Every structure is written in C-alpha cells, then in structure tokens.
2 protein chains.
Amino acid sequence: MQSPIDDIDRKIMKLLQHQARMPISQISQMVAMSQPAVKERIMKLEEKGFITGYRTEFNLQRLERGTTSFILMKTEQCQALVDFCEQAPEVTDLHRISGEFNYLIKVKTASVEELADFQDSIAGMGPSKSLISLKNLLENRVVL
Amino acid sequence: MQSPIDDIDRKIMKLLQHQARMPISQISQMVAMSQPAVKERIMKLEEKGFITGYRTEFNLQRLERGTTSFILMKTEQCQALVDFCEQAPEVTDLHRISGEFNYLIKVKTASVEELADFQDSIAGMGPSKSLISLKNLLENRVVL
DNA sequence: CCTGAAAATATATCGCC
DNA sequence: GGCGATATATTTTCAGG
C-alpha cells in the first residue's frame, strides 16, 4: 500500500496544485499521455491518499479576515479550549505544542480590535500571549 | 468596485470551498439557477477578487512533511531571512510579527531531526525559539 | 497500464426577456 | 442578471494490446 508515485504523477500533482480546476484534457496534453490514463492516475492519487481534496481559496481581506495573529496559550482546560476554537470562525489553526505554552492558535479577524475581543473571550482559560502578523510573507505554501 | 455578494454567491462559494472541481452543472442544480448564470457568477467572483484560486491539497504525511513546527526568530538580517525562507521547501509560512521576536516561521519537516537541521541553518541570523506541534487540531480552516 | 473511439456530460455562446 | 436552446468541448466508458 506504500505505492510509489512516479515522475508523471508528480507532474500531474504540480499542475493541479495551484489550478485544481484544470481540465484533464489539458493535463493530458502537458504530460503527453491519454486522457483516460491521466484520469486513472488522478483517481489513484486520490484513493491512495496523496491528494486529499480540492479547495477554493478566497481573499480573506474581502471576507473581513484580513488581520492574522498568533496566540500562545497556557491552559489546563484543554477540551474547553478545543471546543471553543472549533466553533469560533476566527480561528483558522489550532496546535497542541511543546514548551511553556501548550496551545498555539492562529486567528484571522477583521481588525486588531476584534483580536482583542477574541482574546478577552479566552482570557478565563489561562495566560496568553499574542503575536500580530504585520506582514504575511508566505502563507500555506507547499513545495512539491 | 466594492460589489455586494449575495446569498447565492455565498452558497456557490461554500459549495466550491472544499470541492473546487465540482462541475458547474452540479452547482447549477444545487442553487436552482441556470448554468450560464452560475458560470457568470463564478467569473465575477474571480474578477472581483473574492475567489483567488483553486488549490489541490496533498497529504503531507505522505510527502515527508508530517512534522509541523513554529520557529520564533529575532533577527536584524531581515532580507536574508526572507530570502532564505522563500527558497527553503520546509517553510510553509513566514510572518513579520509584533513583539520581542520579529518573525514567525512555520516549518513542515519529515521529522524533528530535520527541524533541528533547519534550525541550525538559520542559527547564524539570531536567537530563535521553536515550538513543535504535537497535534494539529485545526489547520488552514476558513469558515465562510 | 496504456490507447483510441464512441457515448454521455459539461461548458460556452447565443438571442431574448 | 437571468433563461433556454444549441454548438462545442470535455469526460467517461470500454474493447483491445
């Protein structure tokens, strides 16, 4: 089940990475292989779990999520924090981490004021430290 | 240019969000609107910048990127750090941040050993602190 | 695993409301 | 903005190597 992916698979993955809606016919030309063959390779990449999904990306500035921040949190109410973050739309990432703080939360709010509101809402769970992103130089990049 | 998106646009965006390859014909049925109308709405969402792209997601475990870590960095060699991170495939995110540390780097490596290697490679630029993700509870989530 | 060709779907382009 | 109808393109299926 640890299937070896070859160069053509890799090429297909690179083509799809930033253009998930690219038609198979077009990929077929680029990798010089018939459409059914490309289709089958894509299906196998999905079945084997290399490809986990196709996402549409939105401009978060336009969706009132232009301010990115990271909150380091130290809490003993783990389940409560997880539950809270899961239902909070501002939270995009939640990691259990090593070190003094035990959770790292990534938050996208409309403004720093909203970040303050969010911080207030979790203040009861323990001490936190927030890091505001002044500039997103790279975000969610995957180099294949 | 600050075009108002309506409920149907929002519905289309939600449908596409996690299934970017969904055919327009199918979306058309779900929102009870003709295919040309749906197509036009999607094009406008793209033109107006609400939709910024279509991405394929990969299983990072299978691509030797199963270990997620965050590195807080304090450096004065800003441009050097940015240049280095841009060409380092392990780096998925790079943020200029407020606070004592001035950069936050998100890194995906095959193992913690590789994280150590990465840390060594930037050690010359200034003091750093690394936070290893023990569990990815949420990652790159966008709630529309 | 791949190909080629035919059948089934999906998309693009109309003219018109 | 949106609809329906049609022409074009794409995808799926399948027999055969």
Side-chain angles (χ1 to χ4, degrees), chain A residues 1-66 110 142-144, chain B residues 1-66 140 142-144:
Chain A
M1 189 55 84
Q2 50 199 354
S3 30
I5 67 171
D6 65 12
D7 287 345
I8 295 179
D9 287 332
R10 242 179 291 274
K11 208 166 168 180
I12 292 172
M13 286 165 77
K14 280 189 191 180
L15 287 169
L16 281 173
Q17 181 176 25
H18 298 291
Q19 278 178 254
R21 285 182 71 84
M22 181 183 285
I24 290 174
S25 52
Q26 211 171 316
I27 300 170
S28 159
Q29 290 186 311
M30 301 219 215
V31 300
M33 188 175 277
S34 73
Q35 293 182 19
V38 170
K39 163 75 173 161
E40 190 154 332
R41 276 168 179 270
I42 293 174
M43 279 183 54
K44 290 204 173 156
L45 287 170
E46 289 167 354
E47 282 167 12
K48 289 172 185 166
F50 286 98
I51 290 176
T52 53
Y54 302 97
R55 276 213 195 187
T56 296
E57 270 201 333
F58 303 105
N59 184 335
L60 296 173
Q61 313 266 350
R62 296 212 139 193
L63 298 171
E64 313 263 283
R65 302 274 168 74
V142 177
V143 180
L144 287 183
Chain B
M1 191 50 89
Q2 50 199 357
S3 29
I5 68 171
D6 65 11
D7 287 347
I8 296 179
D9 286 332
R10 244 180 289 274
K11 208 166 169 182
I12 292 172
M13 286 164 76
K14 280 189 190 180
L15 286 168
L16 280 172
Q17 182 177 23
H18 298 291
Q19 279 178 255
R21 286 182 70 84
M22 182 183 285
I24 290 173
S25 51
Q26 211 172 315
I27 299 170
S28 159
Q29 289 187 310
M30 301 220 214
V31 300
M33 187 175 275
S34 73
Q35 292 181 19
V38 171
K39 164 74 175 164
E40 189 153 330
R41 275 168 180 270
I42 293 175
M43 278 182 56
K44 290 204 174 157
L45 287 170
E46 290 167 353
E47 281 167 14
K48 289 172 185 166
F50 286 98
I51 290 176
T52 53
Y54 303 98
R55 276 214 195 185
T56 297
E57 270 201 333
F58 304 104
N59 183 335
L60 295 173
Q61 314 266 351
R62 297 212 140 192
L63 297 172
E64 314 263 282
R65 302 274 167 73
N140 196 35
V142 177
V143 180
L144 285 183

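What you see below is based on every heavy atom in this structure, not just the backbone, and it leaves out hydrogens, waters and symmetry mates. Everything quoted here is computed from the prediction, not taken from an experiment. Naming convention: chains lettered A, B, ... in sequence-line order (proteins, then strands); numbering from 1 in each chain.
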Distance below 4.0 Å between Lys39(A) side-chain N/O and dT12(D) OP1 or OP2: yes

Please state how far atom [atom1] in [X] lies from atom [atom2] in [N], giving the value in whole angstrom units.
{"X": "Met22(B)", "N": "dT11(C)", "atom1": "CE", "atom2": "P", "result": "11 Å"}
{"X": "Ile8(A)", "N": "dC2(C)", "atom1": "CD1", "atom2": "P", "result": "7 Å"}
{"X": "Glu40(A)", "N": "dG4(C)", "atom1": "CD", "atom2": "P", "result": "15 Å"}
{"X": "Gln19(B)", "N": "dA10(C)", "atom1": "CD", "atom2": "C1'", "result": "17 Å"}
{"X": "Asp6(B)", "N": "dG1(D)", "atom1": "CG", "atom2": "C1'", "result": "10 Å"}
{"X": "Arg21(B)", "N": "dT9(C)", "atom1": "CZ", "atom2": "C1'", "result": "14 Å"}
{"X": "Ile12(B)", "N": "dG1(D)", "atom1": "CD1", "atom2": "P", "result": "13 Å"}
{"X": "Gln35(B)", "N": "dT10(D)", "atom1": "CD", "atom2": "C1'", "result": "13 Å"}

Residues in side chain to side chain donor-acceptor pair (under 3.5 Å) with [X], at least two apart?
{"X": "Glu57(A)", "result": "Arg55(B)"}
{"X": "Asp7(A)", "result": "none"}
{"X": "Gln29(A)", "result": "none"}

No-hydrogen, no-angle side-chain donor-acceptor test under 3.5 Å, Gln17(B) and Tyr54(A): no

Residue Pro23(B), side-chain heavy atoms: nucleotide from dT11(C), dG1(D), dT3(C) that is nearest: dT11(C)

Rounded to 10 degrees, the angle between the two terminal axes of the helix from dC1(C)-dG17(D) to dC17(C)-dG1(D), each from five pairs: 30°

Position toward the 5' end of DNA chain C (nearest nucleotide), Lys44(A) or Ile24(B): Lys44(A)

Sequence-distant partners of Glu40(A), salt bridge (charged side-chain N to carboxylate O under 4.0 Å, His left out), two or more places apart: Lys44(A)

Separation between CD1 of Ile12(B) and CG of Leu15(B), rounded to the nearest 0.5 Å: 8.0 Å

Salt bridge Lys11(B)-Asp6(B), side-chain N to carboxylate O under 4.0 Å: no

Met30(A) atom CE, over 12 foreign heavy atoms within 6.0 Å: yes

Those residues of residues 25-34 of chain A lying under 4.0 Å from DNA chain C by at least one heavy atom: Met33(A), Ser34(A)

Pairs involving residues 12-39 of chain A, ordered by first then second residue, that meet salt bridge (charged side-chain N to carboxylate O under 4.0 Å, His left out) (sequence neighbours left out): none

Within-4.5 Å side-chain heavy-atom neighbours: Ile42(B) and Leu16(B): yes

What's touching nucleotides 14-17 of chain C from the protein side, N or O pairs under 3.5 Å?
none

Backbone of Ile51(A) reached by a side-chain donor or acceptor of Arg62(B) within 3.5 Å: no

